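Heads up, the thing below is written out as structure tokens.
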Amino acid sequence: MTQTAEFQDGAAYSGGVFMPVAEAKISVLDWGFTRSDAVYDVVHVKDGRFFRLDDHLARFERSMARRRIAIPESREDVKEILVRCVQLAGLTDSYVAMVASRGRPQVKGSRKPADCANHLVAYAIPWIDVIPAEVQERGATLMVSDHPRVADDAVDPTVKNYQWSDLTSGLFDAVDEGFDTAVLCDARGMVTEGPGFNIFAVIGGGLVTPEHGCLHGITRRSVIDICAKQGIACRTGDLPRTDLESADEVFLCTTAGGIMPIARIGNRKIEAGAPGPVTRRVMDAYQAMHEDPAYVTFIDSPTRFA
Ligand code: PLP
């Protein structure tokens with residue numbers, strides 16, 4: 001891909017126009033800003049290919065529907081806008097975001113959400129890792145935070161959203177105590193997720209990942225698919241904090257980082273290593289999925305926005 005200096009930090013789409021990412025701005029009166037009233041999704045491009053783009057678009061649409069946000073662009077429009085952003089940015093590895101914001105009321109002084117003009121912002125920027133690559137290399141250290149995850153009934157975690165105050169508190173606690181990141185539990189002491197990732201525990205050769213209190217991540221889905229294909233036992237459901245703390249292996253997973261092994265939970269080192277043998281198997285299979293035509297969309301496809 002060729003990249004012009006103008007777009008070297010990335011390309012964005014906002015208000016129906018493409019621009020260098022630094023020029024993309026939203027109003028301080030946008031409810032996406034004043035109330036975190038927005039939904040979003042993030043898909044990655046690796047070696048010039050989107051991974052599971054249609055799954056991300058489907059989840060984005062579902063998130064919008066759940067929050068009663070409707071943007072003018074169709075699904076096909078959004079897809080082509082994302083492709084165009086990556087093309088303009090000239091990136092072969094990219095973090096690509098789509099955000100649907102509530103916007104501003106079109107009736108002066110209105111407090112009714114339905115009066116707002118919902119709108120799409122999208123951007124493609126150079127690849128980001130939720131856990132830095134060098135930390136992934138040695139295995140991350142994980143704190144099980146005492147800060148509770150917000151209840152599913154209050155903020156639906158399956159809608160990808162920016163209401164991150166609990167996750168951010170967990171992250172502050174973790175970093176203050178010298179850990180790389182944190183995972184939060186719900187009021188029942190069941191593990192949920194962390195700031196930007198799902199979690200799997202390997203217990204007795206099988207995998208367990210939480211079902212409640214978390215986003216149903218696309219990477220999590222890939223891991224579940226890998227287990228089904230390879231005959232690895234995998235259960236979605238309650239994961240008590242104590243089971244995580246005594247697990248044989250633990251890994252985090254997300255679009256922006258893939259499968260990320262944990263080397264230590266609290267004060268306990270994972271004896272199997274980071275990655276341990278089961279995690280290694282999942283990592284290899286996840287990498288191989290990126291070569292499978294069933295999951296990839298090439299970024300050089302023509303768009304109506306060229
Ligand atoms: N959980 C949260 C809170 C996230 O923000 C993310 C991704 O950003 C994930 C889980 C992982 O989801 P995915 O695998 O779809 O990237």
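Heavy-atom basis, side chains included; hydrogens, waters and symmetry copies ignored. Note that ligands are numbered from 1 as they come in the structure, with each ligand's atoms numbered from 1 the same way. Being a predicted model, the structure only gives us computed values, none of them experimental.
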**OP:** Go through the steps to decide whether Thr279 and Glu249 satisfy the test side chain to side chain donor-acceptor pair (under 3.5 Å), and finish with yes or no.
**Re:** CA-CA 7 Å; Thr279 306; Glu249 296 176 41; 2.6 Å; yes
Original post:
Which heavy atom of the protein is the closest neighbour of atom 8 (O) of ligand 1, given with residue, atom name and distance?
Top reply: Lys160 NZ, 2.6 Å
**OP:** Have a look at ligand 1 and work out which part of Thr254, if any, has a heavy atom under 4.0 Å from it: side chain, backbone, both or neither.
**Re:** both
Original post:
Would you call Asn198 a ligand 1 contact, heavy-atom distance under 4.0 Å?
Top reply: yes
**OP:** Answer yes or no: does an N/O atom from Cys253 fall short of 3.5 Å to an N/O atom of ligand 1?
**Re:** no
Original post:
Less than 4.0 Å between a side-chain N and a carboxylate O, is that true for Asp156 and Arg67?
Top reply: no
**OP:** Decide if atom CD of Gln106 counts as having more than 12 heavy atoms of other residues, nucleotides or ligands within a radius under 6.0 Å.
**Re:** yes
Original post:
Which heavy atom of the protein is the closest neighbour of atom 14 (O) of ligand 1, given with residue, atom name and distance?
Top reply: Thr219 OG1, 2.5 Å
Original post:
Out of curiosity, is Gly194 lining ligand 1, as in a heavy atom under 4.0 Å away?
Top reply: yes
Original post:
Looking at ligand 1, does Gly196 have a heavy atom less than 4.0 Å from it?
Top reply: yes
Original post:
To which residues is Val150 joined in a hydrophobic cluster, defined by side-chain heavy-atom contacts under 4.5 Å among Ile, Leu, Val, Met, Phe, Trp and Tyr, whether direct or through other members?
Top reply: Val155
**OP:** Determine, stepwise, if the pair Arg149 / Asp186 fulfils salt bridge (charged side-chain N to carboxylate O under 4.0 Å, His left out).
**Re:** CA-CA 5 Å; Arg149 179 78 171 117; Asp186 65 16; over 6 Å; no
Subject >> Nitrogen or oxygen of His56 less than 3.5 angstrom from that of ligand 1 >> reply: no
Original post:
In terms of hydrophobic clustering (I, L, V, M, F, W, Y; side-chain heavy atoms under 4.5 Å; direct or indirect links), are Met19 and Met98 co-clustered?
Top reply: no
Original post:
In terms of atom number and element, which parts of ligand 1 are under 4.0 angstrom from non-hydrogen atoms of Arg59?
Top reply: 15 (O)
**OP:** Measure Tyr95 to ligand 1 on non-hydrogen atoms and call it side chain, backbone, both or neither using the 4.0 Å cut-off.
**Re:** neither
**OP:** Taking only heavy atoms of Phe197 into account, list the atoms of ligand 1 that are under 4.0 Å away from them.
**Re:** 1 (N), 2 (C), 4 (C), 6 (C), 9 (C), 10 (C)
**OP:** May I ask you to check whether Tyr123 and Tyr13 place their ring centres under 6.0 Å from each other?
**Re:** no
Side-chain donor-acceptor pairs under 3.5 Å in residues 20-27, sequence neighbours left out?
unit_1 : atom_1 : unit_2 : atom_2 : d
Lys25  : NZ     : Ala22  : O      : 3.3
Ser27  : OG     : Leu29  : N      : 2.9

Original post:
Any idea which atoms of ligand 1 are less than 4.0 Å away from a heavy-atom of Ile218?
Top reply: 13 (P), 14 (O), 15 (O)
**OP:** Take His290 and His44, measure what side chain to side chain donor-acceptor pair (under 3.5 Å) needs, and give me the verdict at the end.
**Re:** CA-CA 11 Å; His290 286 68; His44 70 276; 2.8 Å; yes
**OP:** List the closest protein heavy-atom neighbour of atom 16 (O) of ligand 1: residue, atom name, distance to the nearest 0.1 Å.
**Re:** Thr255 OG1, 2.6 Å
Original post:
Any salt bridge between Arg221 and Asp225, counting N to O under 4.0 Å?
Top reply: no
**OP:** Please determine if Arg104 and Asp30 form a salt bridge, counting it only when a charged side-chain N lies under 4.0 Å from a carboxylate O.
**Re:** no
Subject >> Min N/O separation Trp164 to ligand 1 under 3.5 Å >> reply: no
Original post:
For atom 2 (C) of ligand 1, what is the nearest protein heavy atom, given as residue, atom name and distance?
Top reply: Glu193 OE1, 3.4 Å
**OP:** Considering the heavy atoms of Gly217, write down every atom of ligand 1 situated less than 4.0 Å from one of them.
**Re:** 12 (O), 13 (P), 14 (O), 15 (O)
Subject >> Closest approach of Thr192 to Gly213 (non-hydrogen atoms, all atoms of both residues) >> reply: CB-O, 3.3 Å
**OP:** For His216 and ligand 1, answer yes if some heavy atom of the residue is under 4.0 Å from a ligand atom, otherwise no.
**Re:** no
Original post:
Taking the non-hydrogen atoms of Arg221, is any one of them nearer than 4.0 angstrom to ligand 1?
Top reply: no
Original post:
Going by the atom numbers of ligand 1, which of them fall below 4.0 Å from some non-hydrogen atom of Tyr40?
Top reply: 5 (O)
Original post:
Closer than 4.0 angstrom: is that true for some heavy atom of Tyr162 and an atom of ligand 1?
Top reply: no
